[in-house]
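Comments concern the structure below.
Values reported hereafter were calculated over all heavy atoms of this structure, with side chains retained and with hydrogens, waters and symmetry mates removed.
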Amino acid sequence: MTYNSDFVISLVEPVSALAEVVDLSDPRLVRHQEQVAYIALAIAEELRLPSYEQCQIALAGELHDIGFLSLEDRLKFTEQTFEVNETYNHELIGYALLRKLDPLKEAANMIRFHHLPWNNGKGKTVNGIEVPLGSHIINLADRIAVSIDRRKDVLGQADAITERISNYSGTLFHPDAVKAFLSLSRMEYFWLDASSSYCGRIVQRKLEPLNIWLNMRDLIMLAEVFAQIIDFRSPFTAQHSSGVAATAGALARLAGFSANECQLIQVAGYLHDIGKLAIPGNILEKPCELDETEKRIMKSHVYYTYHTLENIHGFETINTWASLHHERLDGTGYPFHLTAVDLPLGSRIMAVADVFTAIMEDRPYRKGMPSESALELLDKMTKSALDPHVVSILIDNLEEVNAIRMAAQTLAEKRYHSFRTEISKSSPIS
(Lines give C-alpha, C1' and ligand atoms only; values in the text may rest on other atoms or scores of the structure.)
Protein backbone atom coordinates (compact mmCIF):
# COMPACT_ATOMS: atom_id res chain seq x y z
CA MET A 1 0.00 0.00 0.00
CA THR A 2 1.25 3.48 -0.84
CA TYR A 3 0.84 6.47 1.44
CA ASN A 4 0.37 10.10 0.52
CA SER A 5 3.41 11.79 2.05
CA ASP A 6 1.85 15.26 1.63
CA PHE A 7 -1.13 14.54 3.89
CA VAL A 8 -0.71 15.73 7.48
CA ILE A 9 -3.22 16.13 10.28
CA SER A 10 -3.17 17.13 13.93
CA LEU A 11 -3.12 14.33 16.52
CA VAL A 12 -4.79 16.52 19.15
CA GLU A 13 -8.07 17.00 17.28
CA PRO A 14 -8.98 13.31 16.68
CA VAL A 15 -7.96 12.44 20.26
CA SER A 16 -10.14 15.25 21.62
CA ALA A 17 -13.02 14.17 19.37
CA LEU A 18 -12.74 10.59 20.61
CA ALA A 19 -12.70 11.73 24.25
CA GLU A 20 -15.77 13.87 23.70
CA VAL A 21 -17.90 11.15 22.08
CA VAL A 22 -16.94 8.55 24.72
CA ASP A 23 -18.12 10.95 27.42
CA LEU A 24 -21.50 11.38 25.71
CA SER A 25 -22.55 7.88 26.77
CA ASP A 26 -24.09 9.20 30.01
CA PRO A 27 -24.89 12.74 31.24
CA ARG A 28 -22.87 12.11 34.41
CA LEU A 29 -19.72 11.62 32.32
CA VAL A 30 -19.97 14.53 29.90
CA ARG A 31 -16.61 16.35 29.51
CA HIS A 32 -14.93 14.30 32.25
CA GLN A 33 -11.87 13.36 30.20
CA GLU A 34 -11.53 16.90 28.83
CA GLN A 35 -11.73 18.20 32.40
CA VAL A 36 -8.98 15.83 33.55
CA ALA A 37 -6.85 16.80 30.55
CA TYR A 38 -7.24 20.50 31.40
CA ILE A 39 -6.31 20.05 35.08
CA ALA A 40 -3.40 17.71 34.29
CA LEU A 41 -2.02 20.10 31.66
CA ALA A 42 -2.31 23.05 34.07
CA ILE A 43 -0.33 21.12 36.71
CA ALA A 44 2.29 20.08 34.13
CA GLU A 45 2.65 23.73 33.05
CA GLU A 46 2.99 24.85 36.67
CA LEU A 47 5.75 22.25 37.12
CA ARG A 48 7.44 23.62 33.99
CA LEU A 49 7.75 20.18 32.43
CA PRO A 50 9.15 19.94 28.86
CA SER A 51 6.64 20.82 26.13
CA TYR A 52 6.50 17.31 24.67
CA GLU A 53 5.82 15.81 28.10
CA GLN A 54 3.04 18.36 28.70
CA CYS A 55 1.45 17.32 25.40
CA GLN A 56 1.59 13.60 26.25
CA ILE A 57 0.11 14.27 29.71
CA ALA A 58 -2.79 16.18 28.16
CA LEU A 59 -3.39 13.44 25.58
CA ALA A 60 -3.31 10.82 28.34
CA GLY A 61 -5.82 12.89 30.28
CA GLU A 62 -8.12 13.01 27.24
CA LEU A 63 -7.99 9.21 26.94
CA HIS A 64 -7.46 8.03 30.52
CA ASP A 65 -10.85 6.26 30.75
CA ILE A 66 -10.81 4.81 27.24
CA GLY A 67 -10.25 1.36 28.75
CA PHE A 68 -13.77 1.18 30.16
CA LEU A 69 -15.39 -1.17 27.65
CA SER A 70 -18.61 -1.16 29.71
CA LEU A 71 -20.62 1.94 30.59
CA GLU A 72 -21.93 0.13 33.66
CA ASP A 73 -18.39 -0.42 34.98
CA ARG A 74 -17.48 3.18 34.34
CA LEU A 75 -20.52 4.46 36.24
CA LYS A 76 -19.82 2.11 39.16
CA PHE A 77 -16.26 3.41 39.23
CA THR A 78 -17.36 7.05 39.32
CA GLU A 79 -19.64 6.28 42.27
CA GLN A 80 -16.74 5.02 44.40
CA THR A 81 -15.38 6.99 47.30
CA PHE A 82 -12.48 9.41 46.84
CA GLU A 83 -9.98 6.63 47.50
CA VAL A 84 -10.16 4.21 44.58
CA ASN A 85 -10.85 0.63 45.69
CA GLU A 86 -11.53 -1.06 42.36
CA THR A 87 -10.45 0.12 38.90
CA TYR A 88 -12.09 -2.56 36.70
CA ASN A 89 -8.71 -2.98 34.98
CA HIS A 90 -9.48 -0.02 32.73
CA GLU A 91 -5.95 1.40 33.02
CA LEU A 92 -4.43 -1.80 31.60
CA ILE A 93 -7.08 -2.02 28.88
CA GLY A 94 -6.42 1.58 27.84
CA TYR A 95 -2.70 0.87 27.78
CA ALA A 96 -3.21 -2.27 25.66
CA LEU A 97 -5.36 -0.39 23.15
CA LEU A 98 -2.99 2.56 22.69
CA ARG A 99 0.54 1.32 23.31
CA LYS A 100 1.27 0.15 19.73
CA LEU A 101 0.62 3.60 18.30
CA ASP A 102 3.94 5.47 18.33
CA PRO A 103 2.57 9.03 18.78
CA LEU A 104 0.57 7.85 21.83
CA LYS A 105 3.04 5.36 23.29
CA GLU A 106 4.12 7.62 26.17
CA ALA A 107 0.53 8.66 26.88
CA ALA A 108 -0.43 4.98 26.95
CA ASN A 109 2.23 4.30 29.58
CA MET A 110 0.88 7.15 31.72
CA ILE A 111 -2.63 5.72 31.43
CA ARG A 112 -1.32 2.31 32.51
CA PHE A 113 -0.48 3.59 36.00
CA HIS A 114 -2.87 6.51 36.43
CA HIS A 115 -4.57 5.17 39.58
CA LEU A 116 -1.37 4.15 41.34
CA PRO A 117 -1.04 5.89 44.74
CA TRP A 118 2.22 7.69 45.50
CA ASN A 119 2.44 5.79 48.81
CA ASN A 120 5.30 7.87 50.27
CA GLY A 121 7.50 7.23 47.24
CA LYS A 122 6.75 3.54 46.73
CA GLY A 123 4.68 4.58 43.70
CA LYS A 124 7.84 5.50 41.80
CA THR A 125 8.03 1.96 40.43
CA VAL A 126 5.86 -1.12 39.94
CA ASN A 127 7.55 -4.50 39.57
CA GLY A 128 10.75 -2.74 38.58
CA ILE A 129 9.00 -0.55 35.99
CA GLU A 130 9.45 3.20 36.43
CA VAL A 131 6.11 5.01 36.75
CA PRO A 132 5.94 8.27 34.76
CA LEU A 133 5.32 11.48 36.67
CA GLY A 134 2.47 12.01 34.21
CA SER A 135 0.61 9.04 35.71
CA HIS A 136 0.65 10.66 39.14
CA ILE A 137 -0.42 14.00 37.67
CA ILE A 138 -3.40 12.37 35.93
CA ASN A 139 -4.31 10.51 39.13
CA LEU A 140 -4.43 13.83 40.98
CA ALA A 141 -6.29 15.59 38.14
CA ASP A 142 -8.88 12.83 38.02
CA ARG A 143 -9.61 13.06 41.75
CA ILE A 144 -9.86 16.86 41.54
CA ALA A 145 -12.30 16.52 38.63
CA VAL A 146 -14.57 14.01 40.38
CA SER A 147 -14.59 16.24 43.49
CA ILE A 148 -16.22 19.11 41.59
CA ASP A 149 -20.00 19.08 41.92
CA ARG A 150 -21.20 20.50 38.60
CA ARG A 151 -24.57 21.42 40.09
CA LYS A 152 -22.98 23.95 42.44
CA ASP A 153 -20.87 27.09 42.24
CA VAL A 154 -17.33 25.86 41.67
CA LEU A 155 -15.61 28.76 43.47
CA GLY A 156 -17.63 27.93 46.57
CA GLN A 157 -16.16 24.40 46.51
CA ALA A 158 -12.55 25.34 45.87
CA ASP A 159 -11.36 25.62 49.49
CA ALA A 160 -12.87 22.29 50.57
CA ILE A 161 -11.43 20.44 47.55
CA THR A 162 -8.02 22.03 48.08
CA GLU A 163 -7.97 21.03 51.74
CA ARG A 164 -8.98 17.49 50.92
CA ILE A 165 -6.25 17.13 48.29
CA SER A 166 -3.67 18.56 50.70
CA ASN A 167 -4.55 15.90 53.25
CA TYR A 168 -3.56 13.17 50.77
CA SER A 169 -0.23 14.70 49.70
CA GLY A 170 2.47 12.06 49.93
CA THR A 171 0.01 9.18 50.39
CA LEU A 172 -2.38 9.11 47.44
CA PHE A 173 -0.72 11.90 45.49
CA HIS A 174 2.78 12.91 44.41
CA PRO A 175 3.75 15.85 46.66
CA ASP A 176 5.27 17.87 43.79
CA ALA A 177 2.02 17.58 41.82
CA VAL A 178 0.03 18.62 44.91
CA LYS A 179 2.31 21.62 45.45
CA ALA A 180 1.70 22.74 41.85
CA PHE A 181 -2.05 22.28 42.31
CA LEU A 182 -2.04 24.34 45.51
CA SER A 183 -0.44 27.20 43.61
CA LEU A 184 -3.10 26.94 40.88
CA SER A 185 -5.94 26.60 43.36
CA ARG A 186 -5.58 30.26 44.39
CA MET A 187 -6.51 31.35 40.86
CA GLU A 188 -10.22 31.75 40.13
CA TYR A 189 -9.64 31.19 36.41
CA PHE A 190 -8.32 27.68 37.09
CA TRP A 191 -11.57 26.56 38.74
CA LEU A 192 -13.74 28.36 36.21
CA ASP A 193 -11.83 26.80 33.29
CA ALA A 194 -11.88 23.34 34.85
CA SER A 195 -15.64 23.37 35.35
CA SER A 196 -16.63 25.12 32.12
CA SER A 197 -17.94 23.64 28.88
CA TYR A 198 -14.95 25.25 27.18
CA CYS A 199 -12.26 23.21 28.94
CA GLY A 200 -11.74 20.93 25.91
CA ARG A 201 -11.30 23.94 23.61
CA ILE A 202 -8.85 25.48 26.09
CA VAL A 203 -6.76 22.29 26.04
CA GLN A 204 -6.72 22.21 22.24
CA ARG A 205 -5.65 25.85 22.06
CA LYS A 206 -2.84 25.31 24.59
CA LEU A 207 -1.62 22.25 22.70
CA GLU A 208 -1.51 23.95 19.28
CA PRO A 209 2.14 25.02 19.63
CA LEU A 210 3.03 21.58 21.04
CA ASN A 211 1.11 19.61 18.42
CA ILE A 212 2.11 16.26 16.97
CA TRP A 213 1.41 15.88 13.24
CA LEU A 214 0.37 12.65 11.55
CA ASN A 215 1.02 11.61 7.96
CA MET A 216 -1.24 9.20 6.06
CA ARG A 217 0.49 6.11 7.45
CA ASP A 218 0.07 7.40 11.02
CA LEU A 219 -3.56 8.33 10.35
CA ILE A 220 -4.46 4.86 9.09
CA MET A 221 -2.82 3.31 12.16
CA LEU A 222 -4.67 5.76 14.43
CA ALA A 223 -7.96 4.94 12.67
CA GLU A 224 -7.32 1.22 13.19
CA VAL A 225 -6.80 1.80 16.91
CA PHE A 226 -9.96 3.89 17.08
CA ALA A 227 -11.83 1.08 15.30
CA GLN A 228 -10.65 -1.32 18.00
CA ILE A 229 -11.87 1.06 20.71
CA ILE A 230 -15.24 1.16 18.93
CA ASP A 231 -15.56 -2.53 18.09
CA PHE A 232 -13.86 -4.28 21.01
CA ARG A 233 -16.67 -3.22 23.35
CA SER A 234 -18.63 -6.22 22.11
CA PRO A 235 -17.43 -9.57 20.74
CA PHE A 236 -20.29 -9.34 18.24
CA THR A 237 -18.81 -6.25 16.57
CA ALA A 238 -15.09 -6.91 17.12
CA GLN A 239 -14.44 -7.25 13.38
CA HIS A 240 -17.07 -4.96 11.88
CA SER A 241 -15.21 -1.70 11.19
CA SER A 242 -12.22 -3.59 9.78
CA GLY A 243 -14.54 -5.40 7.38
CA VAL A 244 -16.23 -2.17 6.28
CA ALA A 245 -12.87 -0.39 5.81
CA ALA A 246 -11.46 -3.22 3.71
CA THR A 247 -14.63 -3.60 1.63
CA ALA A 248 -14.94 0.14 1.02
CA GLY A 249 -11.27 0.37 0.03
CA ALA A 250 -11.64 -2.50 -2.44
CA LEU A 251 -14.84 -1.07 -3.98
CA ALA A 252 -13.28 2.40 -4.25
CA ARG A 253 -10.26 0.99 -6.08
CA LEU A 254 -12.51 -0.94 -8.48
CA ALA A 255 -14.59 2.22 -9.01
CA GLY A 256 -11.49 4.11 -10.15
CA PHE A 257 -10.61 6.11 -7.03
CA SER A 258 -7.01 7.31 -6.72
CA ALA A 259 -4.64 5.62 -4.27
CA ASN A 260 -4.99 8.59 -1.90
CA GLU A 261 -8.79 8.46 -2.06
CA CYS A 262 -8.71 4.72 -1.34
CA GLN A 263 -6.68 5.44 1.79
CA LEU A 264 -9.13 8.14 2.89
CA ILE A 265 -12.13 5.87 2.40
CA GLN A 266 -10.37 3.17 4.39
CA VAL A 267 -9.98 5.65 7.26
CA ALA A 268 -13.67 6.56 6.86
CA GLY A 269 -14.54 2.87 7.11
CA TYR A 270 -12.61 2.48 10.34
CA LEU A 271 -14.38 5.53 11.82
CA HIS A 272 -17.89 5.21 10.38
CA ASP A 273 -19.31 3.84 13.65
CA ILE A 274 -17.42 6.10 16.07
CA GLY A 275 -20.79 7.49 17.17
CA LYS A 276 -21.61 4.08 18.67
CA LEU A 277 -19.36 5.05 21.57
CA ALA A 278 -22.26 7.24 22.71
CA ILE A 279 -24.72 4.30 22.61
CA PRO A 280 -25.29 2.23 25.80
CA GLY A 281 -23.67 -1.20 25.73
CA ASN A 282 -26.89 -3.03 26.59
CA ILE A 283 -28.29 -1.90 23.23
CA LEU A 284 -25.16 -2.73 21.24
CA GLU A 285 -24.99 -6.22 22.77
CA LYS A 286 -28.69 -7.09 22.92
CA PRO A 287 -28.97 -10.78 21.91
CA CYS A 288 -32.22 -10.25 19.99
CA GLU A 289 -33.76 -7.61 17.76
CA LEU A 290 -34.04 -4.12 19.19
CA ASP A 291 -37.42 -2.71 20.19
CA GLU A 292 -38.64 0.56 18.69
CA THR A 293 -37.17 2.75 21.45
CA GLU A 294 -33.79 1.03 21.17
CA LYS A 295 -33.85 1.37 17.39
CA ARG A 296 -34.37 5.11 17.73
CA ILE A 297 -31.42 5.35 20.12
CA MET A 298 -29.27 3.25 17.80
CA LYS A 299 -30.11 5.51 14.85
CA SER A 300 -28.49 8.42 16.67
CA HIS A 301 -25.03 6.88 16.30
CA VAL A 302 -24.52 8.32 12.80
CA TYR A 303 -25.52 11.77 14.07
CA TYR A 304 -22.76 11.49 16.69
CA THR A 305 -20.33 10.20 14.06
CA TYR A 306 -21.04 13.27 11.93
CA HIS A 307 -20.53 15.82 14.69
CA THR A 308 -17.51 14.00 16.14
CA LEU A 309 -15.63 13.97 12.83
CA GLU A 310 -16.85 17.47 11.96
CA ASN A 311 -14.53 18.88 14.64
CA ILE A 312 -11.37 17.54 12.94
CA HIS A 313 -9.78 19.86 10.38
CA GLY A 314 -8.91 18.03 7.19
CA PHE A 315 -11.58 15.36 7.79
CA GLU A 316 -14.27 16.95 5.64
CA THR A 317 -14.20 14.26 2.95
CA ILE A 318 -13.69 11.47 5.48
CA ASN A 319 -16.69 12.74 7.44
CA THR A 320 -18.95 12.90 4.37
CA TRP A 321 -18.08 9.34 3.41
CA ALA A 322 -18.22 7.94 6.96
CA SER A 323 -21.25 9.54 8.54
CA LEU A 324 -23.71 9.22 5.65
CA HIS A 325 -23.54 5.42 5.45
CA HIS A 326 -27.17 5.02 6.55
CA GLU A 327 -28.52 7.57 4.06
CA ARG A 328 -30.40 6.10 1.07
CA LEU A 329 -30.84 7.32 -2.51
CA ASP A 330 -34.61 7.69 -2.11
CA GLY A 331 -34.35 9.77 1.09
CA THR A 332 -35.54 6.99 3.44
CA GLY A 333 -32.21 6.77 5.27
CA TYR A 334 -31.13 8.61 8.41
CA PRO A 335 -30.38 10.89 10.20
CA PHE A 336 -30.54 13.64 7.52
CA HIS A 337 -32.83 11.95 4.94
CA LEU A 338 -30.57 13.01 2.08
CA THR A 339 -31.36 11.88 -1.45
CA ALA A 340 -29.27 10.76 -4.43
CA VAL A 341 -28.37 14.31 -5.43
CA ASP A 342 -26.76 14.90 -2.02
CA LEU A 343 -24.73 11.68 -1.78
CA PRO A 344 -21.26 11.56 -3.38
CA LEU A 345 -19.87 8.29 -4.70
CA GLY A 346 -17.71 7.75 -1.60
CA SER A 347 -20.79 7.83 0.65
CA ARG A 348 -22.60 5.43 -1.68
CA ILE A 349 -19.64 3.04 -1.58
CA MET A 350 -19.60 3.23 2.23
CA ALA A 351 -23.32 2.42 2.39
CA VAL A 352 -22.85 -0.69 0.24
CA ALA A 353 -19.74 -1.73 2.20
CA ASP A 354 -21.58 -1.38 5.51
CA VAL A 355 -24.66 -3.33 4.38
CA PHE A 356 -22.58 -6.07 2.74
CA THR A 357 -20.28 -6.48 5.75
CA ALA A 358 -23.19 -6.45 8.22
CA ILE A 359 -25.28 -9.08 6.42
CA MET A 360 -22.28 -11.39 5.97
CA GLU A 361 -21.42 -11.27 9.70
CA ASP A 362 -22.90 -13.36 12.49
CA ARG A 363 -24.90 -11.24 14.93
CA PRO A 364 -26.38 -12.20 18.34
CA TYR A 365 -29.85 -12.69 16.84
CA ARG A 366 -28.95 -14.19 13.41
CA LYS A 367 -26.27 -15.97 11.39
CA GLY A 368 -24.49 -14.27 8.51
CA MET A 369 -26.06 -14.70 5.09
CA PRO A 370 -24.59 -16.93 2.41
CA SER A 371 -23.19 -14.96 -0.55
CA GLU A 372 -26.08 -15.77 -2.86
CA SER A 373 -28.71 -14.49 -0.41
CA ALA A 374 -26.62 -11.40 0.35
CA LEU A 375 -26.41 -10.50 -3.34
CA GLU A 376 -30.17 -10.97 -3.73
CA LEU A 377 -30.79 -8.56 -0.86
CA LEU A 378 -28.32 -6.00 -2.20
CA ASP A 379 -29.86 -6.23 -5.66
CA LYS A 380 -33.31 -5.67 -4.17
CA MET A 381 -32.01 -2.59 -2.33
CA THR A 382 -30.77 -1.04 -5.60
CA LYS A 383 -34.40 -0.38 -6.55
CA SER A 384 -34.46 2.65 -4.22
CA ALA A 385 -31.78 2.63 -1.52
CA LEU A 386 -28.30 1.60 -2.69
CA ASP A 387 -26.36 2.77 -5.73
CA PRO A 388 -26.86 0.18 -8.52
CA HIS A 389 -23.46 0.96 -10.06
CA VAL A 390 -21.62 0.27 -6.78
CA VAL A 391 -23.64 -2.90 -6.20
CA SER A 392 -22.85 -4.08 -9.73
CA ILE A 393 -19.12 -3.55 -9.03
CA LEU A 394 -19.50 -5.73 -5.94
CA ILE A 395 -21.43 -8.43 -7.81
CA ASP A 396 -18.94 -8.49 -10.69
CA ASN A 397 -15.99 -8.75 -8.27
CA LEU A 398 -17.65 -10.65 -5.44
CA GLU A 399 -14.97 -13.28 -4.96
CA GLU A 400 -12.16 -10.71 -4.77
CA VAL A 401 -14.00 -8.21 -2.53
CA ASN A 402 -15.32 -10.90 -0.19
CA ALA A 403 -11.84 -12.42 0.16
CA ILE A 404 -10.46 -8.98 1.09
CA ARG A 405 -13.28 -8.50 3.63
CA MET A 406 -12.76 -11.94 5.20
CA ALA A 407 -8.98 -11.49 5.43
CA ALA A 408 -9.40 -8.15 7.18
CA GLN A 409 -12.00 -9.51 9.58
CA THR A 410 -9.95 -12.63 10.34
CA LEU A 411 -7.00 -10.40 11.25
CA ALA A 412 -9.28 -8.20 13.37
CA GLU A 413 -10.62 -11.26 15.19
CA LYS A 414 -7.08 -12.46 15.94
CA ARG A 415 -6.24 -9.01 17.31
CA TYR A 416 -9.36 -9.07 19.46
CA HIS A 417 -8.54 -12.47 20.97
CA SER A 418 -4.91 -11.44 21.48
CA PHE A 419 -6.16 -8.28 23.23
CA ARG A 420 -8.54 -10.25 25.49
CA THR A 421 -5.77 -12.73 26.32
CA GLU A 422 -3.36 -9.93 27.22
CA ILE A 423 -5.94 -8.34 29.51
CA SER A 424 -6.93 -11.61 31.18
CA LYS A 425 -3.28 -12.36 31.99
CA SER A 426 -2.71 -8.91 33.45
CA SER A 427 -3.41 -8.09 37.07
CA PRO A 428 -4.66 -4.74 38.37
CA ILE A 429 -1.87 -2.30 39.24
CA SER A 430 -3.49 -0.58 42.19
Side-chain angles (χ1 to χ4, degrees), residues 4 7-25 30-31 33-34 59 62-63 66 97-98 101 103-104 200-201 203-204 207 211-216 218-231 233 237 240-242 244-245 247-249 252 257 260-279 284 298-327 333-338 342-351 353-354 357:
N4 180 1
F7 184 94
V8 291
I9 198 160
S10 156
L11 174 63
V12 170
E13 288 185 358
V15 166
S16 298
L18 177 64
E20 183 177 353
V21 73
V22 168
D23 285 353
L24 288 175
S25 57
V30 171
R31 296 194 314 276
Q33 295 192 115
E34 293 177 342
L59 293 171
E62 293 264 29
L63 298 175
I66 208 71
L97 285 167
L98 299 173
L101 193 62
L104 288 174
R201 254 184 277 170
V203 170
Q204 286 193 45
L207 289 184
N211 214 338
I212 298 167
W213 297 94
L214 307 178
N215 59 26
M216 182 64 81
D218 295 328
L219 176 60
I220 289 175
M221 292 178 66
L222 179 71
E224 284 184 292
V225 170
F226 280 18
Q228 292 172 3
I229 293 168
I230 299 160
D231 291 350
R233 291 169 182 255
T237 61
H240 178 68
S241 295
S242 293
V244 172
T247 302
F257 278 36
N260 182 53
E261 289 171 325
C262 290
Q263 292 162 2
L264 290 177
I265 207 166
Q266 188 179 1
V267 171
Y270 283 129
L271 301 179
H272 78 288
D273 273 347
I274 195 170
K276 283 186 177 177
L277 294 172
I279 305 299
L284 294 175
M298 180 63 88
K299 279 185 174 183
S300 69
H301 81 273
V302 275
Y303 173 84
Y304 291 125
T305 293
Y306 177 80
H307 285 293
T308 298
L309 300 181
E310 184 184 37
N311 292 326
I312 305 173
H313 291 94
F315 262 43
E316 291 78 13
T317 298
I318 290 170
N319 190 16
T320 299
W321 292 348
S323 60
L324 304 183
H325 66 277
H326 280 295
E327 300 293 337
Y334 59 88
F336 302 113
H337 291 266
L338 302 178
D342 305 304
L343 297 172
L345 182 55
S347 301
R348 299 174 186 217
I349 287 172
M350 192 64 65
D354 182 62
T357 302

Calculate, to the nearest 0.5 Å, the distance between atoms [atom1] and [atom2] belonging to [X] and [Y] respectively.
X	Y	atom1	atom2	answer
I66	I229	CD1	CD1	4.5 Å
T320	L338	OG1	CG	10.0 Å
I265	I349	CD1	CD1	4.5 Å
L214	L219	CG	CG	6.5 Å
L345	M350	CG	CE	11.0 Å
E13	L207	CD	CG	11.0 Å

Problem set entry | Backbone N/O of D23 and side chain of R31: donor-acceptor pair under 3.5 Å | no
For this session: Carefully, step by step, assess L222 and L11 under the rule side chain to side chain contact (heavy atoms under 4.5 Å, CB included).
Result: CA-CA 9 Å; L222 179 71; L11 174 63; 4.2 Å; yes
For this session: Starting from the C-alpha separation in whole Å, work towards a yes-or-no answer on side chain to side chain contact (heavy atoms under 4.5 Å, CB included) for N260 and M216.
Result: CA-CA 9 Å; N260 182 53; M216 182 64 81; 3.2 Å; yes
Check whether any side-chain heavy atom of [X] sits under 4.5 Å from a side-chain heavy atom of [Y], and report yes or no.
X	Y	result
V203	E34	no
L264	V267	no
N319	Y306	yes
M298	L284	yes
L63	L104	yes
F315	I9	yes

Problem set entry | Minimum heavy-atom distance between L324 and S347, given as atom pair plus value | CD1-OG, 3.9 Å
Seminar exercise, completed: Nearest heavy-atom approach of A353 to A248 is CB-N, 3.7 Å
Problem set entry | Partner set under ring pair (Phe, Tyr, Trp, His ring centres under 6.0 Å) for F257, not counting sequence neighbours | W321
Problem set entry | ring pair (Phe, Tyr, Trp, His ring centres under 6.0 Å) partners of H307, counting only residues at least two apart | Y303
Exercise. Would you call the rings of H325 and H301 parallel, tilted or perpendicular if under 30° counts as parallel and over 60° as perpendicular?
Worked result: tilted
For a quick test of your reading: what N or O donor-acceptor pairs under 3.5 Å do the side chains of residues 14-22 make, sequence neighbours left out?
{"residue": "S16", "atom": "OG", "partner": "V12", "partner atom": "O", "Å": "3.0"}
{"residue": "S16", "atom": "OG", "partner": "E62", "partner atom": "OE2", "Å": "2.9"}

Exercise. Only one of H326, E327, K299 clears side-chain contact (heavy atoms from CB on, under 4.5 Å) with P335; which?
Worked result: E327
Problem set entry | Intermediate values then yes/no, side chain to side chain contact (heavy atoms under 4.5 Å, CB included), L277 and L24 | CA-CA 8 Å; L277 294 172; L24 288 175; over 6 Å; no
For this session: Dump the intermediate steps for side chain to side chain contact (heavy atoms under 4.5 Å, CB included) on H272 and V302, then the final yes or no.
Result: CA-CA 8 Å; H272 78 288; V302 275; over 6 Å; no
Seminar exercise, completed: In D231, T357, D354, D273, the residue satisfying side-chain hydrogen bond (donor to acceptor under 3.5 Å, both in side chains) with S241 is D231
